[in-house]
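Reading through the C-alpha cells given below for one structure.
Every chain is numbered from 1, with letters handed out A, B, ... down the list of sequences. Below, each value reflects all heavy atoms present in this structure, side chains not excepted, and no hydrogens, waters or symmetry copies.
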There are 2 protein chains.
Amino acid sequence: MESKTDQFRGYLKRFVELTDPEWQALEKELTFRTLPKKRFLVQQGQRTKELYFLVQGAARLYYEKDGDEKTTYFFFENNLLGDYLGCLAGQPSAMSIQTLEDCELIAFRYETLTALYEQFPVYQIFGRKLAEYLFMGLDMRLAELLTLTPEERYLKFISTSIKRKIIERIPQQYIASYLGITPVSLSRIRRRIADS
Amino acid sequence: MESKTDQFRGYLKRFVELTDPEWQALEKELTFRTLPKKRFLVQQGQRTKELYFLVQGAARLYYEKDGDEKTTYFFFENNLLGDYLGCLAGQPSAMSIQTLEDCELIAFRYETLTALYEQFPVYQIFGRKLAEYLFMGLDMRLAELLTLTPEERYLKFISTSIKRKIIERIPQQYIASYLGITPVSLSRIRRRIADS
DNA sequence: CTGATTTATTAACTTATGTAAAGAATTTTA
DNA sequence: TAAAATTCTTTACATAAGTTAATAAATCAG
C-alpha cells in the first residue's frame with residue numbers, strides 16, 4: 001500500500017528524479033490536510049502562500065464577477081493546485097479554489113519551494129519544468145477557447161474526460177462555466193447533439 | 001548607441017544577472033535576421049526549433065481554423081517570441097507568427113538554451129523565470145477572456161495599449177480577433193462606446 | 001424514507017454577435 | 001499622384017446565446 005507521501009514523490013518523478021536527501025528536505029516540510037466538500041482552499045482577494053498536492057478528491061477554480069462565478073479549471077487526485085500566480089506575483093488571489101468532494105491534501109509553503117531552489121539544483125530544474133508544464137496547459141486551453149465554438153469545446157471536453165470518468169464528478173453548471181457558456185446554453189447544446 | 005546584442009542582454013536582466021562569460025556563451029550562438037512585413041516567423045504545422053528576440057517591429061500570433069484566422073497575441077520590440085510550446089513539447093506548431101511590420105530579430109536555437117541550462121546554473125534560473133513569466137501572462141489573459149465581456153475586454157485593451165502607442169500599429173481586424181469577436185462586432189462596440 | 005434543497009431542463013423572450021454584401025475610408029504601390 | 005488593394009463601417013438578416021421563470025429530476029440531510 002502506497003503512502004500519501006509516496007504518492008506525492010511518485011508525482012514529482014514526472015519532472016525530476018530526487019535522491020533521498022533531496023526528497024527528505026521537502027518531505028519534512030509537508031503537512032497533511034483533509035477538507036470537506038464545498039470548502040475553500042484559496043479565497044479570492046486573500047493572500048495564499050501555500051501550494052497543495054491533491055491526494056484524493058476534486059476541486060474547481062473559479063473567478064467571481066458581478067455576483068456570479070466563472071469556473072475555469074478542475075483538479076483531481078494526483079495533481080498540484082493552488083494560487084501559483086499569486087505566489088509568483090506576490091499578490092492576493094484573483095480567484096477561489098473550492099473542493100467539489102471531500103479532499104485529502106498535502107500542503108507546503110511556496111517559500112519552502114523557493115528555498116529548495118537555492119539549496120538543490122534539482123529543485124531549480126523542477127521549478128522550471130513545473131512552470132513549463134503549467135504554461136503548456138494554459139496555452140492549449142487558451143487555443144481551444146479562441147478557436148473552437150462552445151459546442152466543439154463541449155465535444156472535446158467529454159471526449160477527453162469520459163475516459164477518466166471525470167465528467168460524472170462535476171456538476172453540469174460548472175462544466176458550462178468552464179466552456180464559457182451558461183448552464184441553460186449547455187443544456188441546449190446537449191439537446192442538439194442528442195437529437196442529431 | 002546601444003547595439004542589438006546589448007538590447008537583448010538588457011532584456012535578459014529582467015530575469016537574471018549574467019556574468020560576461022555566461023553571456024558570451026549565449027551571444028556566440030545568436031544570429032541576426034531582418035524580415036519584411038507580412039512574412040512568417042513560425043508556420044502552423046511546421047516544426048520550429050528557434051526562438052527570437054524582437055529588436056524592432058511587430059508581429060502577431062494566430063491560429064488558422066476553417067479558413068479563417070484567430071489572432072491571439074501581439075508582439076513588439078524588446079520581447080521574446082516563437083513557438084515556445086512547440087519547442088517544449090517537441091511538436092509541430094499549432095499556430096503561425098506573422099510580422100505586422102518590417103522586423104529586426106535575433107534568433108537562437110531552442111537547443112542552445114537547453115544546453116545552457118546544463119552548463120550554467122544561472123540559465124536554469126532564467127529558464128524557470130521565463131516559463132513563470134509566460135505562465136503569468138497566459139493566466140491573466142485567460143482570466144480576462146473568461147470573466148470579461150467583449151466590450152469590457154476592448155476597453156481594457158485600449159486602456160493598457162494606448163499608453164504604449166500600440167493600438168495604432170495593429171489593424172482593427174486583428175484586435176477584434178484578439179478580443180474573440182469579429183471585426184463587424186468590434187465596429188459596433190466602438191460605435192456604442194462613442195455614442196454613449 | 002421522506003421532505004427539503006440543489007441541479008438540470010425546458011420555454012418564452014430579448015439581445016448581442018455572426019454572416020454576407022455594399023460602400024466609405026485608408027493605405028499601399030507603381 | 002493616381003489607381004489598386006486593403007481595411008473599416010454600415011446595413012439587413014439569421015442565429016446562437018443570455019435572461020428569467022417554471023417545471024422536472026436528482027441529491028442531500030434529518
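The CD-P distance, from A:E168 to C:dT7, rounds to 17 Å in whole Å. Distance B:R153 CZ to C:dA16 C1': 13 Å, rounded to the nearest Å. Atom C1' of nucleotide C:dT28 and atom CD of B:E101 are separated by 15 Å, given to the nearest angstrom. Atom-to-atom, CD of B:Q173 to P of C:dA25 comes out at 19 Å; the value is rounded to the nearest Å. Remark: P of C:dT17 and CG of B:L186 are 10 Å apart, rounded to the nearest angstrom. Separating the CD1 atom of B:I189 from the P atom of C:dG18 is a distance of 8 Å, rounded to the nearest angstrom. Here the C1' atom of nucleotide C:dT7 and the CD atom of A:Q172 are 9 Å apart, to the nearest Å. The distance between atom CD1 of A:I167 and atom C1' of C:dT7, rounded to the nearest whole Å, is 16 Å.
Nearest to the side chain of A:S187, among C:dT9, C:dT17, C:dA20, sits C:dT9. Nearest nucleotide to the side chain of A:R191, out of C:dT28, C:dA8, C:dT10: C:dT10.
The nearest heavy atom of DNA chain C to A:Y174 and to B:I181 marks one nucleotide each, and the one closer to the 5' end goes with A:Y174. Closest-nucleotide positions on DNA chain C for A:R188 and B:D68 were compared, and the one nearer the 5' end corresponds to A:R188. If you find the closest nucleotide of DNA chain D to B:V184 and to B:K38, the one lying nearer the 5' end belongs to B:K38.
A:T99 and A:R39 form no side-chain donor-acceptor contact under 3.5 Å, judged by distance and modelled atom types alone.
Ring centroids of B:F135 and B:Y133 are separated by 6.0 Å or more, keeping the two rings apart.
Not a single donor-acceptor pair under 3.5 Å links the side chain of B:Q44 to the backbone N or O of B:S93.
Looking at A:E144 and A:R153, no side-chain N of the basic residue comes within less than 4.0 Å of a carboxylate O on the acidic one, giving no salt bridge. Ion pairing between a basic and an acidic side chain is recognised when a charged N comes within 4.0 Å of a carboxylate O; B:E22 and B:K28 show no such pairing.
Geometrically, B:R60 does not engage B:F74 in a cation-pi contact, judged by NZ or CZ lying under 6.0 Å from the ring centre and within 45° of the ring axis. A cation-pi contact, defined as under 6.0 Å to the ring centre and within 45° of the axis, is absent between A:R141 and A:Y73.
Nucleotides of DNA chain D with any atom under 4.0 Å from a heavy atom of chain A span, from 5' to 3', D:dA17 to D:dC28.
For the OP1/OP2 pair of C:dG18 and a distance below 4.0 Å, the side-chain nitrogens and oxygens of B:T182 include at least one atom meeting the criterion.
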